[in-house]
Amino acid sequence: MEENGRGISPRRSKRRTVPKIAAANEPNLFDELPDDLVVSVLCKLSSSAASSSDFINALLTCKRFKSLGFHQLVLSNVGSKVLAVKAKNRFDSVHRFLIHCVNAGNVEACYTLGMIRFYCLQNRGSGMSLMAKAAIKSYAPALYSLAVIQFNGSGGSRTDKDLLAGVALCARAAFLGHVDALRELGHCFQDGYGIRQNITAGRRLLMQANTRELASLLKSLVKQQPNHHHHHRGLNYEQFNCISCSGCSSMSNEPASEGHPVNVFLKEWFELGLGEMGEGLRLCAHKGCGRPETRAHEFRRCSACGTVHYCSRGCQALDWKLRHKLECVPIERWLE
């Protein structure tokens, strides 16, 4: 160090700050939080997580999260995205997690496990019971799935069909706004299937289904736009040029609507060969359905070409708009 007399200031040594290490007896603030508050945070996480892996990774961060993550309130609030399990994953762990959620009273889990047991594991009684448990709580997808089972007599013979019960369940799901149920009920009214024919009421229900479907499509496209004010008026409505002057029923180029996650699971389960289908049994031709036949010739086929089969009129009408309209060739034109 040089002298101050020469006009040069002395150099000051820099002090290094050493981070404080918490003493062993110092209390952890996180441990001081009450369980009710942590459970409330986990409930919010379980209902809003984007995937099951996000939820599980959060539980693995600490022992307290892992223990409170299986609290009844947390499991009862698990959302559909967390329950959107993949068929290629380890099914034993998935099955155990679904059972925990069912025991906690989670309606979504009741429906998901019910569909898996009924169609994949061929445990018809348990599957129907779980779906009925969700339907009692006015869960629209469960009501509609039970209606499809009643219309087809799935799990039994042709004599087990109950059209009146199918219409009643479908009407309840349609009242709750389920698009597929609205479409199915509309075709029932138009064809007089299980109910007195009323063409006007059928058309009205089909228009409601198409309107709800279009509204959902617009909403999803708006969410994809950049979040800037100058883009709010700049939406490209040319994307909807599939809509002609005749109304919503002509949306032939509209993209497929997102089905329920359990329908994706069913489709993957049988396409990967994880479940055995009997000889001659087929999947529903609508790619967003995934339901298999439970007996030979259970599903109805296209009356024009006879090459594709559907579990319901709703699936047939939707697949016609999305795909089959461009592929269908009437039987009388096969020789041509």
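- With hydrogens and angles ignored, the 3.5 Å screen pairs no side-chain donor or acceptor of E108 with any backbone N or O of G79.
- Counting all heavy atoms, side chain and backbone alike, L274 lies closest to A87 at CD1-O, 3.3 Å.
- N152 places a side-chain N or O within donor-acceptor distance of the main-chain N or O of V148, the cut-off being under 3.5 Å.
- Interatomic distance, E298 CD to R291 CZ, rounded to the nearest 0.5 Å: 11.0 Å.
- Taking CZ of R300 as the reference point, atom OG of S312 lies at 7.0 Å (rounded to 0.5 Å).
- Taken together through direct or relayed side-chain contacts under 4.5 Å among Ile, Leu, Val, Met, Phe, Trp and Tyr, L283 and Y310 form parts of separate hydrophobic clusters.
- We find that K81 and D54 are not joined by a salt bridge, their nearest charged nitrogen and carboxylate oxygen being 4.0 Å or further apart.
- A salt bridge does not link D319 to K287: none of the charged side-chain nitrogens sits closer than 4.0 Å to a carboxylate oxygen.
- In terms of modelled atom types and a separation under 3.5 Å, the side chain of S67 and the main chain of R64 share a donor-acceptor contact.
- Taking the six-membered ring for Trp and the full ring otherwise, the centers of W269 and F91 sit less than 6.0 Å from each other.
- Considering CG of D160 and CD of Q150, their distance stands at 9.0 Å, rounded to 0.5 Å.
- Minimum interatomic distance between L143 and A135 (heavy atoms only, all atoms of both residues): CD2-CB, 3.7 Å.
- A 4.5 Å side-chain heavy-atom check between V85 and V262 finds every atom pair outside the cut-off.
- Between the side chain of Q190 and the main chain of G202, no donor-acceptor pair closer than 3.5 Å is present.
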Mind running side chain to side chain contact (heavy atoms under 4.5 Å, CB included) on R183 and H178 for me, showing each step along the way?
CA-CA 9 Å; R183 186 176 286 114; H178 195 271; over 6 Å; no
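- Here the side chains of T200 and N198 are in contact, with some heavy-atom distance below 4.5 Å.
- F299 places none of its side-chain heavy atoms less than 4.5 Å from the side chain of C315.
- C302 has its side chain within reach of C305: a pair of non-hydrogen atoms, C-beta onward, lies under 4.5 Å apart.
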Evaluate V107 against K133 for side chain to side chain contact (heavy atoms under 4.5 Å, CB included), listing each step before the verdict.
CA-CA 8 Å; V107 178; K133 188 176 180 180; over 6 Å; no
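- Scanning all heavy atoms of the two residues, the minimum distance from K137 to G105 falls at NZ-O, 3.7 Å.
- Taking each heavy atom of L83 and C101 in turn, the nearest pair found is CD2-SG, 4.3 Å.
- Looking only at side-chain heavy atoms (C-beta outward), P261 and T112 stay at 4.5 Å or farther from each other.
- For the pair S52 and F97, the minimum side-chain heavy-atom distance is 4.5 Å or more.
- V264 and M115 fall into different hydrophobic clusters, where Ile, Leu, Val, Met, Phe, Trp and Tyr residues are linked whenever their side-chain heavy atoms come under 4.5 Å apart, directly or through other members.
- Here the OG atom belonging to S145 is positioned 11.0 Å from the CE atom belonging to M128, to the nearest 0.5 angstrom.
- Cluster membership check: L33 shares its hydrophobic cluster with L45, using side-chain heavy-atom separations under 4.5 Å among Ile, Leu, Val, Met, Phe, Trp and Tyr.
- Not a single donor-acceptor pair under 3.5 Å links the side chain of S129 to the backbone N or O of G125.
- Of the possible polar contacts, none joining the S154 side chain to the T294 backbone as a donor-acceptor pair under 3.5 Å is found.
- In this structure, I149 and Y119 have side chains that are in contact, with non-hydrogen atoms separated by less than 4.5 Å.
- In this structure, Y139 has its ring center under 6.0 Å from that of Y111.
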Could you give me the CA-CA distance, side-chain angles and deciding distance for L113 and I99, then say whether side chain to side chain contact (heavy atoms under 4.5 Å, CB included) is met?
CA-CA 8 Å; L113 186 57; I99 291 175; 4.0 Å; yes
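- Judged by distance alone, the side chain of N106 and the main-chain N or O of V78 form a donor-acceptor pair under 3.5 Å.
- Put simply, CZ on R323 and CG on L318 are 10.5 Å apart, with the number rounded to the nearest 0.5 Å.
- With hydrogens and angles disregarded, no donor-acceptor distance shorter than 3.5 Å links the side chain of S216 to the backbone of R212.
- Defined by atom type and a distance below 3.5 Å, a donor-acceptor pair is present between the side-chain atoms of S138 and R172.
- Using a 4.5 Å heavy-atom cutoff, the side chains of C289 and C311 are in contact.
- Atom CD of E184 and atom CG of L169 lie 12.0 Å apart (nearest 0.5 Å).
- L60 belongs to a hydrophobic cluster with I56, counting contacts under 4.5 Å between side-chain heavy atoms of Ile, Leu, Val, Met, Phe, Trp and Tyr, direct or through other members.
- Contact between Y144 and A173 at its shortest, heavy atoms only, is N-CB, 4.0 Å.
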Side chain to side chain contact (heavy atoms under 4.5 Å, CB included) for M131 and C110? Distances and angles first, verdict last.
CA-CA 6 Å; M131 282 188 276; C110 288; over 6 Å; no
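- Hydrophobic cluster membership differs between V308 and L266, with clusters built from Ile, Leu, Val, Met, Phe, Trp and Tyr side chains linked at under 4.5 angstrom.
- Cluster note: L163 groups with F151, V167, L182, L185, F189, Y193, I195, L205 through ILVMFWY side-chain heavy atoms spaced under 4.5 Å, whether in direct contact or through intervening members.
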Audit row: F70, H100, ring-ring contact (aromatic ring centres under 6.0 Å, His included) steps and yes/no
CA-CA 8 Å; F70 285 88; H100 284 306; 5.6 Å; yes
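- The hydrophobic cluster containing L59 does not contain V41, counting ILVMFWY residues as joined when their side-chain heavy atoms lie under 4.5 angstrom apart, directly or transitively.
- The heavy-atom pair separating Q72 from A104 by the smallest distance is OE1-CA, 3.3 Å.
- With hydrogens and angles ignored, the 3.5 Å screen pairs a side-chain donor or acceptor of R124 with a backbone N or O of F118.
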